[in-house]
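Here's the structure we're looking at; comments come further down.
Note on naming: letters A, B, ... go to the chains in the order of the sequence lines (proteins, then strands), and numbering restarts at 1 for each one. The model shown is predicted, which means the values in this text are computed figures rather than measured ones.
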Amino acid sequence: MAHVALADKGQELAHPKTWIGAYVWSQDHKVIGIQYIITATLVGLVALALSAMMRLQLGFPGVFDLIQPNEYYSAVTMHGMIMVVFMLTAFFLGGFGNLLIPLMCGARDMAFPYMNMLSFWVYLASVIVLCASFFVPGGATGAGWTLYPPQAITEGSAGSGMGIILMLVSLALFIVAFTMGGLNYITTAFQARTRGMTLMRMPLSVWGIVMATILGLLAFPALLVAAIMMLLDALLGTSFFMPAISDLGEVSSTTGGTPILFQHLFWFFGHPEVYIVALPMFGIASDLISTHARKNIFGYRMMVWAIIAIGGLSFIVWAHHMYVSGMNPYFGFFFATTTLIIAVPTALKVYNWVLTLWQGNIHLNVPMLFAIGFIFTFIHGGITGLFLGNVAVDVPLSDTYFVIGHFHMVMGVSPFLIVFGGMYHWYPKFTGRMLNDTMGKIHFWVTFLGTYAIYLPMHYIGILGVPRRYFAYGSLDSFPDSVHVINTSITIAALIVGTAQLLFIYNLVWSLFKGEKASSNPWRATTLEWQTPDTPPKHGNWGPELPVVHRWAYSYSVPGAREDFIPQTEEPSENTKGDVH
Amino acid sequence: MASSGQIADQGVVNDLVEDWSQDKEVFKVHWGKAMMWIFLLSDTFIFTSFLTGYMKIRASSTIPWPNASEIFALSFGGDPIPLILIAIMTFVLITSSGTMALAVNYGYRRDRGKTALFLFITAAFGLLFVGMQAFEWTKLIVDEGVRPWSNPFGAPQFGACFFMITGFHGGHVSGGVIYLTYVAIGVLNGRYEKKGYDIVEIAGLYWHFVDLVWVFIFAFFYLW
Ligand code: HEM
Ligand SMILES: [Cu+2]
C-alpha cells in the first residue's frame, strides 16, 4: 500500500455535540492550549504568593511572623519547582505549543487529539497532587527544588514525610503528561505539515518548541528514574541514595547509598530543563522581534542550527551545577569547557536579534516592548552564567544570592517577559479581542524596571557572600549592615512587581469582554495562524481547504511588494521574485 | 538567503538538509510509527538511566556485591546450574520476537487469521516470561530471603536494583501483552480493514524494543 502523508489524508476530527465536549473534554488543540495556559497561570500565582511570603520574611525579619523556618523552606521549594516545571514548562509547551504548532504548520489539529486531551488531564492531576502537599502533615517538602537526598527524606527536615512523596508522585505524573503531549508536538511538526511548509520555512517559534520537546523527552527520563528511586528509599527503606547516617549517636538503617548519583540524575534532567524553557523563549522572541520590526529575521538558517546545537550541547554540561560536590579536576575542566562552548550559539542568537532590530521599522507595540526587554535581561543573565561556568569563580559564588540573581535573570524573568509578549501578541487571535494597551505598557515598565531593582542587588549581596536558602541572617559579622537594607529594598520592589502581575491578570479578564475587537491579522504578520478564515479559528482551523505555503515565514518589507509583509500563503509574483525561500 | 533550488548544489550537507526538510513530513512513514519511534527513544533514556544508575551504585558500594551466577542458579535434582532460568527466559523472549515478526508479515498480507494467531502466540510467550519472572522473584524472596532493603549475600542495593529494574521491565512486558492482545482482537474483528495494518508493525516495534532492553539487563545484571 502506497504511503499517504498525514497532511493529505484529511484527518477525521471528533466533533463535540455538547458544551462539555467542546470546552471541557475537548480534543481541539486550541482549547487544550488554553486549558494549559489557565492552569499554569493559576499555579504560577500560587508560586508568586509564596515568593511574596519569602520576601516578607527576608526583608522584614521578625516583623510579620507569617512563616516559621520549616514553612519558609517549603515555600522556597514549592516556589522554585512550580515556576520551573509546572508553570514555565507547561506554559511554553502545553500552552503555546498546543496553540501554535498546528496553526503555524497548517494542520487541522495535533496528530493524536485524544492523547493530547489526556495530556492536559494528567497535567491537571499532577498540579492537584502537588498543591495537596501543602495540606498534609509535615507540610510540603522543604528540600529545595533540587530535592537533594539524604536531607529530602531524612526525618527532621521540612516535609520529609508525605510532602516529598507527593512531590515525587506529582513529578512522575507531570512526566507522563508531558510525554503524551510531547509525542504529539513532535509528530505534528514533523509529519503533519501542510503543502509547501518545509522545515526550513517553519517559524522559529515552532522550531524552538519542538526542539525543547525533544530535550524534554530525553531529559525527563532521568528525573523519572531519580523520582522512582527516591520513592523507594522513602517508602520501602531501600538505600539507593542513602548512606549510613549517624544522628545523635544513632546510626540509620540505611547504608552504602550514593547521594551523588541523585545529583547526576537530577542535573542530567535539570540542565536540559533550563533549555526546555529557553528554546521556546528564543523561538517566540525571534518571531516577535521580526514581526514588530517589520524585518526578516537575521540569519534564519543560523538560528535554526543554533537551536539544534544548543539542544545537543545542553546534555553535556550538567555537572557545572555540581562543582561544589567535588569531582575530578579533569571533569571540572571538561564541564567548564562545554559550558563555555554552549555560550557560542547562544550569543550568536543574541547578535541575530540585535541585527534584526538594526535599521528595522520598529513598532513599539506591547509585545515588542517585552521582546526588547527580554534581550536585555537575557544578556544580563547569560553573562553571569559565564562567570559561574568557571570552576574557580563558581566555588565561592555557589549557594549565594549571586546564583539566585543569575538564574532569575536568565530563566525567571526572561521567559516570563516572552510569555507576556506572546500573550499580548496572540491573545487577539484566540479571543478575537485586543489586550488593553495602557495596562500593557504599565505592566511592562513596572515589570522590566522592577526586575532590576530586585535582582541587581542580589548579585551584589551574593558577591558579599550572603548565602541562599537562609530563613534569617541575624546579626552576622561576616557581611555589612547594608545587606539588611538591601534586603528590605528588594522586598519592596518584589511586592510592587508582584502587584503589577495582578494588573496583567485583570487585563486578561477585562479585555475578554471589553477589549477592542481584533481584526484577523492585527499585527500584519506573515505566519499561517494569522491567515485563518475565522478569528478565533474554528475546530479544524482552515475551513474546507488546507492552506498552501509558498514562502518562508519572514517576508517583511520586501521591495516591490504591495504591503510591508507577504503572508506565507501568497503565491510568488513577478515583482517579489527575489523572495521565495 | 538563497532559495532551495540554489542551495541544492552546495554540497552533501545541504542536500541532506533539503531532503529531510521537505514539506509535509520528515520521515516517509505512518505517523503512528513515527510516534512510536520517538517514544521508544525516550524510553531508551529511562532504561539507560536505570542501568547507569545501577552501575554507579554498584561501583560505589562499600559492601561486596553478591555473585549473580550463584544466586540465580537453579537445581533440577542434581547440582545447581548457574543462570539456567534466565537462559530459558531469554530464549522465550527472543522467540517471541520471531513470532512477532511473522505476525507483522501476515498483517501486511492481510491474512487476518494468521496475524491474530501469531499475535496471540507472541502474547503467550510474553505471559510465560512474566510467569517465570514471578517464579524467580518468589524464589528470591521466600527461599533466599532477598528483600529490597537487604539480603543475606552482601550489598543491600543488590536486591533494590534487581527488583526495581526487572520489575520495571516486567511491567513493560505485561503492558505489551495487554497491547498485543488488544491488537489481536481488533485484527480478528476486522477493526483495521480500513485503516490498514500498520498498527501490527507499531506494536511489533514496541515488542522488539522490550526484548532488546532485556538483552542489556541480562548482560549487565546477570553476566557482570
Ligand atoms: C516576583 C518574582 C520572584 C521573586 C520575588 C522570587 C524570589 C525568590 C526567592 C526569595 C527565592 C529563595 C532564595 C533562597 O533563599 O534560596 C527564590 C528561589 C527560586 N526561584 Fe524565584 N522569585 C521570583 C520569580 C521566579 C521565577 C519566574 C522563577 C522561574 C524560573 C523562579 C524560580 C526560582 C527557583 C528555581 C528558585 C530556587 C529554589 C531553590 O533553590 O530552592 N523564581 N526566588
Ligand atoms: Cu546548567
Q. Is A:Ser314 reaching over with its side chain to a backbone N or O of A:Pro272, donor-acceptor style, under 3.5 angstrom?
A. no
Q. Tell me, side chain or backbone of B:Ile63 under 4.5 Å from chain A's heavy atoms, or both, or neither?
A. side chain
Q | Ring centers of A:His264, A:Phe268 separated by less than 6.0 Å | A | no
Q: State whether the side chain of A:Thr188 and the backbone N or O of A:Met110 hold a donor-acceptor pair below 3.5 Å, judged by distance alone.
A: no
**Q.** Structural part of B:Pro148 lying under 4.5 Å from a heavy atom of chain A
**A.** both
**Q.** Region of A:Leu261 that comes under 4.5 Å of a non-hydrogen atom in chain B
**A.** both
Q: Determine, using ring centers only, whether B:Trp37 and B:Phe27 are less than 6.0 Å apart.
A: no
**Q.** chain A contact via B:Ala160 - which portion, at a heavy-atom distance below 4.5 Å
**A.** both
Q | Check: A:Phe241 main-chain N/O paired with A:Asp233 side-chain donor or acceptor under 3.5 Å | A | yes
Q: Identify which part of A:Met115 has an atom lying under 4.5 Å from any heavy atom of chain B, answering side chain, backbone, both or neither.
A: side chain
(Q) As an exercise: rank B:Ile57, B:Asp43, B:Thr52, B:Thr48 by heavy-atom pairs under 4.5 Å with chain A and give me the winner. (A) B:Ile57
Q | Proximal component of A:Thr179, with respect to chain B [non-hydrogen, under 4.5 Å] | A | side chain
Q. Under a 4.5 Å heavy-atom cutoff, which of A:Leu224, A:Asn184, A:Ile228, A:Val549 has the most pairs with chain B?
A. A:Ile228
Q. Pick from B:Trp149, B:Phe221, B:Phe158, B:Trp137: which one makes a ring pair (Phe, Tyr, Trp, His ring centres under 6.0 Å) with B:Phe163?
A. B:Trp137
Q: Kindly indicate whether the side chain of B:Ile185, heavy atoms from C-beta on, has any atom under 4.5 Å from the side chain of B:Phe120.
A: yes
Q: Heavy-atom distances under 4.5 Å only: say whether A:Leu265 touches chain B with side chain, backbone, both or neither.
A: side chain
Q: Let me know if A:Ser253 has heavy atoms under 4.5 Å from chain B in its side chain, its backbone, both or neither.
A: neither
Q) Does B:Arg191 make a cation-pi contact with B:Tyr182, if we ask for NZ or CZ under 6.0 Å from the ring centre and within 45° of the axis? A) yes
(Q) With a 4.5 angstrom heavy-atom cut-off, is it the side chain or the backbone of B:Phe168 that approaches chain A, or both, or neither? (A) side chain
Q) Any idea which of A:Ile186, A:Leu236, A:Thr254, A:Ile260 has the most non-hydrogen atom pairs under 4.5 angstrom with chain B? A) A:Leu236
Q: Please state whether the side chain, the backbone, both or neither of A:Leu232 comes within less than 4.5 Å of a heavy atom of chain B.
A: side chain
Q.
Under a 3.5 Å threshold, yes or no: a donor from one side chain and an acceptor from the other, between B:Asn105 and B:Arg109?
A. yes
